[in-house]
Enquirer: 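Can you read through this structure? Questions will come right after.
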2 protein chains.
Amino acid sequence: MKKKYTIADVADLAGVSKTTVSNVINNIENKFTEETKIKVLKAIEKLDFNINIGAKSLSEGKSYLIGVILPIYKDTDILQENFFLQEFLSGINRYLSTIKNKYDIIFTGVNENKFNIKNWIRKRAIDGVICFGLTSNYIYEYLEQLKIPTVIVDDLRDATNGFSRVYIADKKGGYLATKYLIENGHKDIAFINTGINLSKVEKNRFNGYIEALSEYNLNFYESNCFELKYLHYDSGVYIADKIKDLIGKQFTAAFVTSDIIAIGLINRLQELEIKIPNDFSVVGFDNISLSKYIYPKLTTIDQNIYKKGQSAAEELIKIIEYDDIKKNIEMDVSLVIRESVKNVKE
Amino acid sequence: MKKKYTIADVADLAGVSKTTVSNVINNIENKFTEETKIKVLKAIEKLDFNINIGAKSLSEGKSYLIGVILPIYKDTDILQENFFLQEFLSGINRYLSTIKNKYDIIFTGVNENKFNIKNWIRKRAIDGVICFGLTSNYIYEYLEQLKIPTVIVDDLRDATNGFSRVYIADKKGGYLATKYLIENGHKDIAFINTGINLSKVEKNRFNGYIEALSEYNLNFYESNCFELKYLHYDSGVYIADKIKDLIGKQFTAAFVTSDIIAIGLINRLQELEIKIPNDFSVVGFDNISLSKYIYPKLTTIDQNIYKKGQSAAEELIKIIEYDDIKKNIEMDVSLVIRESVKNVKE
DNA sequence: TTGAAAGCGCTAACAG
DNA sequence: CTGTTAGCGCTTTCAA
């Protein structure tokens with residue numbers, strides 16, 4: 001097997017010192033002439049030399065690794081049965097590729113035991129971390145204690161006040177969804193959520209719902225609100241059975257604060273011979289990739305998780321490389337009109 | 001901020017040498033007494049010491065990083081719009097967690113330019129790589145040249161002969177799918193695929209289809225075979241339009257060699273008022289997570305991508321740690337009965 | 001503009 | 001069983 005060359009080999013071949021090779025590789029200003037640069041570059045080319053990040057890392061005290069901490073949902077493994085985490089990772093990866101893949105991503109799940117996550121960050125000497133969704137407070141504490149560059153995504157709870165955060169315009173999303181339903185002639189609109197008092201995200205979506213209602217002088221009825229415990233498909237199935245007899249009587253449409261639940265709802269309702277959107281209209285929230293593959297295709301609020309990943313990564317790199325200050329970044333949302341809403345005006 | 005401690009600090013506190021600390025940490029046999037072990041462990045605990053993998057890595061010439069090379073599908077970014085890669089990553093991660101997360105995963109996409117992938121492997125000093133799906137031959141060449149432990153998943157082309165491979169019982173899957181259709185009374189069954197001459201995987205599924213047919217003395221008709229160009233949702237939509245007039249006349253069911261296409265087909269057919277499974281039955285292949293969320297739920301062949309990730313990782317670690325020899329690992333498949341097939345016997 | 005030498009934190013010979 | 005010492009491949013003073 002071919003020997004793995006080091007900068008010493010390059011230096012020998014080019015007839016310069018290791019220092020100079022290093023300076024050329026890292027493009028340090030005023031440290032070499034054009035002439036030496038060419039010599040070094042030629043030697044690198046000839047030997048097919050590749051820098052060893054491990055060594056660079058040890059000497060610089062930087063790993064060029066960014067850690068992503070992902071939530072693990074009930075009963076599944078990390079990344080499993082999930083329709084958006086991979087989009088998020090993809091976005092991060094995308095941004096990293098725009099800065100020449102200097103950094104690599106490593107990831108872990110949040111339900112690993114406490115010490116694991118802390119140790120993981122330290123032993124890998126991770127340069128920065130991105131936390132997605134509601135992770136536990138003890139993680140935030142560790143992060144603060146470690147003084148490691150961090151970006152929190154989609155968690156606006158007080159415990160995250162000290163960090164840079166990326167989140168979306170949830171209120172606007174709720175507003176857009178509800179308004180669209182109203183403009184399609186719906187006056188009685190159910191609000192299906194996973195707990196407006198537990199999560200600011202949900203709360204904001206609810207506020208958007210309320211705002212649209214009052215803008216059109218529609219009354220808000222507590223009885224039109226349904227709170228679910230878990231954020232997964234089965235909650236949609238569950239709520240479908242619960243509200244099926246109210247459809248057409250108490251309300252003609254629903255704004256559901258997450259796609260996966262909306263999809264469970266739609267599928268179950270159709271099993272019960274309630275046709276979507278003919279008998280009942282629904283607007284979701286998230287625009288997970290799944291939502292355009294179901295029948296009928298789901299009208300929803302797009303939050304572009306992919307782009308969110310990009311922004312989170314960009315912000316993190318700014319903090320790592322330029323000591324950028326804490327920032328709150330709100331991402332815009334938009335309505336994606338597909339087929340799950342019927343116009344009942346005429 | 002708290003100083004980051006090194007083994008030298010631990011050694012000082014415990015009153016032993018660095019070597020001894022290292023020996024204890026790595027649990028090297030016959031290199032320390034129970035007594036020293038306790039001293040060292042106490043010191044580690046007290047200092048909240050964490051080993052620095054970067055340094056360990058440099059000195060051992062091992063990175064404890066495994067690289068996963070993922071395909072990138074047309075027009076999308078890595079991991080995007082995809083319903084199985086994350087399951088695969090999840091499986092790898094799962095196995096790695098059973099060996100105490102000694103290794104971390106880093107990943108990259110295959111359409112990055114050639115040099116990038118090679119450089120990436122070398123500069124990170126990756127310990128081993130897992131390739132998923134049909135990647136390019138030049139990658140296999142690099143891998144061979146680099147003599148790096150490698151496991152190839154789902155690619156049986158000649159170029160992969162020299163590597164350990166993980167794949168599934170495709171023929172059995174094709175057989176099971178077709179047999180199930182036949183046992184439900186279907187005699188004329190379309191075979192929708194993405195090219196049996198391009199991919200051994202497709203070829204094997206086709207062979208299973210043929211075997212079931214002949215076992216039940218059913219004729220094979222070339223005209224019942226439809227070959228698609230791309231492996232994605234839109235191909236299903238496309239083929240739906242193409243075969244809609246043959247349904248009920250030339251055939252009453254279809255075995256589709258991939259779920260995502262089967263789903264495109266089903267959705268489009270239902271838009272055309274052809275009811276599944278009442279008017280037409282379909283069995284898919286893959287059991288992607290999406291397939292249980294569509295309506296009707298898709299009957300399909302489960303290939304357990306998650307488990308495939310586990311096996312690939314297990315095999316790779318064996319190669320890395322025990323110089324295990326090249327192996328071919330075939331994973332079993334099974335039929336998952338859901339709602340897209342109608343019994344037309346009675 | 002260049003180079004010598006020290007050091008990042010760890011492991012591995014080797015000697016005791 | 002324990003410790004000394006010499007690297008692993010790079011960056012970084014500091015001096016020339």
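To find a chain, count down the sequence lines: A is the first, B the second, and so on, and within it residues start at 1.
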Enquirer: Is it the case that the side chains of B:Thr36 and B:Thr33 hold a donor-acceptor pair, with the cut-off being a distance below 3.5 Å and no angle test?
Expert: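 Looking only at side-chain atoms, B:Thr36 and B:Thr33 do form a donor-acceptor pair, the distance falling under 3.5 Å.
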Enquirer: Check whether any side-chain heavy atom of A:Trp120 lies under 4.5 Å from a side-chain heavy atom of B:Asp104, and answer yes or no.
Expert: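 In contact.
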Enquirer: Could you give the distance from OG (B:Ser57) to CG (B:Asp127), rounded to the nearest 0.5 Å?
Expert: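 Result: 7.5 Å between the selected atoms.
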Enquirer: Summarise protein proximity over nucleotides 3-16 of chain D in one line of letters, 5' to 3': B for base, S for sugar-phosphate only, - for none, counting protein heavy atoms closer than 4.0 Å.
Expert: BB--BBBBBB----
Enquirer: Is the shortest side-chain N/O distance from A:Thr36 to OP1 or OP2 of C:dT2 below 4.0 Å?
Expert: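 Answer is yes, contact under 4.0 Å.
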Enquirer: Whole angstroms only, please: what is the NZ-P distance between B:Lys62 and C:dA12?
Expert: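 Value for this atom pair: 11 Å.
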Enquirer: In whole Å, what is the span from the CZ atom of A:Arg124 to the C1' atom of C:dG9?
Expert: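 In whole Å, C:dG9 C1' and A:Arg124 CZ are 15 Å from each other.
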Enquirer: As an exercise, state the distance from CD1 of B:Ile78 to CD1 of A:Ile92, rounded to the nearest 0.5 Å.
Expert: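 With rounding to 0.5 Å, CD1 (B:Ile78) is 12.0 Å from CD1 (A:Ile92).
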Enquirer: Of B:Val153, B:Val166, B:Val151, which is the lone residue that meets side chain to side chain contact (heavy atoms under 4.5 Å, CB included) with B:Ile329?
Expert: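 Of B:Val153, B:Val166, B:Val151, side chain to side chain contact (heavy atoms under 4.5 Å, CB included) with B:Ile329 is met by B:Val166 alone.
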